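Working notes, beginning with the structure itself.
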Amino acid sequence: MANWHEWAELLERVREENPLVHNITNVVVTNWTANGLLALGASPVMAYAKEEVGEMAKLAGALVLNIGTLNDKEVEAMLVAGQAANEAGVPVIFDPVGAGATRYRTETARRIAEQVKLAVIRGNAAEIANMIGEAWTIKGVDAGGGSGDRVALAKRAAEQLGAVVAITGKEDVVADGQTTYLIQNGHPLLTKVTGAGCLLTSVIGAFAAVERDAAAAAVAALVYYGVAAEQAAAKAGERGPGSFQTAFLDALAYTSVDDVKRHGRVEQR
Ligand code: ATP
Ligand code: TZP
Ligand code: MG
Ligand code: MG
């Protein structure tokens, strides 16, 4: 494995380059995503109209597509933006929120993956399984009680979808078809903050904007995010999810490359 400690330094590159991240995301997490990207040191923009998304995507360092509260108009804009980003060589990161919960979500997630070249797809195990036609229980937008080999699932999905796949949960798995990485950082309180996954997908976008190796960008983003959550939980976890959420936003800003190298738990499989 390329030394993941080297990849951890991408955090500094994000902060130096302050990349523009174009998000077409859901109504639940819009403000949280913008604030999280600002705390990290990236520059967020949300733009949804099909009349402008192609132009915006081409200006950005990365495009993030998220189907959390999808509708036809937005999906059309996602396809326009995705294709413009592909033409301009801008990496596209996809969050298939709720794929498998309804037919519309599953079909849309697959359609986006077919029509747009995706650099990274990040979701819970159920969403990723359903994208490749495998059954896995899902409860609304949250991972259901399904169980299975998540490492093997990530590998299959990366091969079939031709993208780096990140499956998150208690333990995160990143697969690029050849190599698989396991990241053991994070905190259970992240599951009590809506949009913790969605913001993470946009954070991967910020890292992908400064690093063309999408697996390196995804691993670096995940380990940074998990370490930030651990620091936030140590400071404010006892007070509950509200205090944790605020502390986590702060931790996204102050977590350093050194913290990530010191506390990161990454293995290659
Ligand atoms: P879900 O739809 O299942 O809620 P999500 O899209 O919100 O998923 P998560 O899988 O919860 O996304 O991942 C968001 C972040 O939370 C990741 O950094 C992940 O490592 C972390 N995380 C999730 N569950 C746990 C846990 N039980 N312990 C530690 N970290 C966790
Ligand atoms: N409903 C539709 S999108 C959304 C909810 C609750 C946010 C999901 O965010 P995450 O990051 O998957 O927890
Ligand atoms: Mg969640
Ligand atoms: Mg999610």
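Here the structure is a predicted model, which means the values were calculated and not measured. Whatever order the structure lists ligands and atoms in, that order sets their numbers, starting from 1. Residue numbers count from 1 along this sequence. Worth knowing before you read on, the calculation uses all heavy atoms, side chains too, and leaves out hydrogens, waters and symmetry mates.
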(Q) If the cut-off is 4.0 Å to any non-hydrogen atom of L200, which atoms of ligand 1 fall inside it? (A) 17 (C), 18 (O)
Q) T191 heavy atoms, cut-off 4.0 Å: which ligand 1 atoms fall inside? A) 23 (C), 24 (N)
Q. Is any side-chain heavy atom of I128 closer than 4.5 Å to a side-chain heavy atom of I121?
A. yes
**Q.** Contact summary for Q184 and E267, nearest pair of heavy atoms
**A.** NE2-OE2, 3.6 Å
Q.
For atom 14 (C) of ligand 1, which of the options G197, G195, G123 provides the nearest non-hydrogen atom?
A. G197
Q: Identify, by atom number and element, the atoms of ligand 2 in contact range of T194, meaning under 4.0 Å from any of its heavy atoms.
A: 6 (C), 7 (C)
**Q.** Main-chain N/O of I167 paired to N124 side chain as donor or acceptor, under 3.5 Å
**A.** no
Q) Below 4.5 Å, heavy atoms only, C-beta onward: do I132 and L153 meet side chain to side chain? A) yes
Q. Near G195, which atoms of ligand 2 are under 4.0 Å from a heavy atom of that residue?
A. 9 (O), 10 (P), 11 (O), 13 (O)
Q: Record the part of E171 in heavy-atom contact with ligand 1 below 4.0 Å; permitted values are side chain, backbone, both and neither.
A: neither
Q. Which atoms of ligand 2 sit under 4.0 Å from any heavy atom of N26?
A. 3 (S)
Q: Could you tell me which atoms of ligand 2, counted from 1 in the order shown, lie closer than 4.0 angstrom to a heavy atom of C198?
A: 8 (C), 9 (O), 10 (P), 11 (O), 12 (O)
Q. Given W7 and V266, is the side chain to side chain contact (heavy atoms under 4.5 Å, CB included) satisfied, shown in steps?
A. CA-CA 11 Å; W7 296 350; V266 183; over 6 Å; no
Q) In terms of atom number and element, which parts of ligand 1 are under 4.0 angstrom from non-hydrogen atoms of L190? A) 15 (C), 16 (O), 18 (O), 21 (C)
Q | Heavy-atom side-chain contact between V193 and F248 under 4.5 Å | A | no
Q: Please indicate whether any nitrogen or oxygen in G169 is less than 3.5 Å from any nitrogen or oxygen in ligand 1.
A: yes
**Q.** Closest heavy-atom pair and its distance - A57, V90
**A.** O-CG2, 3.6 Å
Q.
For D172, which part has a heavy atom under 4.0 Å from ligand 1: side chain, backbone, both, or neither?
A. side chain
**Q.** Contact atoms of ligand 1, heavy-atom distance to H187 under 4.0 Å
**A.** 28 (N), 29 (C), 30 (N), 31 (C)
Q. Which of the numbered atoms in ligand 1 are below 4.0 angstrom from a heavy atom of T168?
A. 9 (P), 10 (O), 12 (O), 13 (O)
Q: Could you establish whether G226 and ligand 1 come within less than 4.0 Å of each other, counting only heavy atoms on the residue side?
A: no
Q: Answer yes or no: is there a side-chain heavy-atom contact under 4.5 Å between R111 and V75?
A: yes
Q.
One residue to check: R122. Relative to ligand 1, which of side chain, backbone, both or neither has a non-hydrogen atom less than 4.0 Å away?
A. side chain
Q) Closest approach of N23 and V21, non-hydrogen atoms and distance? A) ND2-O, 3.1 Å
Q: Taking only heavy atoms of G197 into account, list the atoms of ligand 2 that are under 4.0 Å away from them.
A: 11 (O)
Q) Is there side-chain contact between T25 and S202, with heavy atoms separated by less than 4.5 Å? A) no
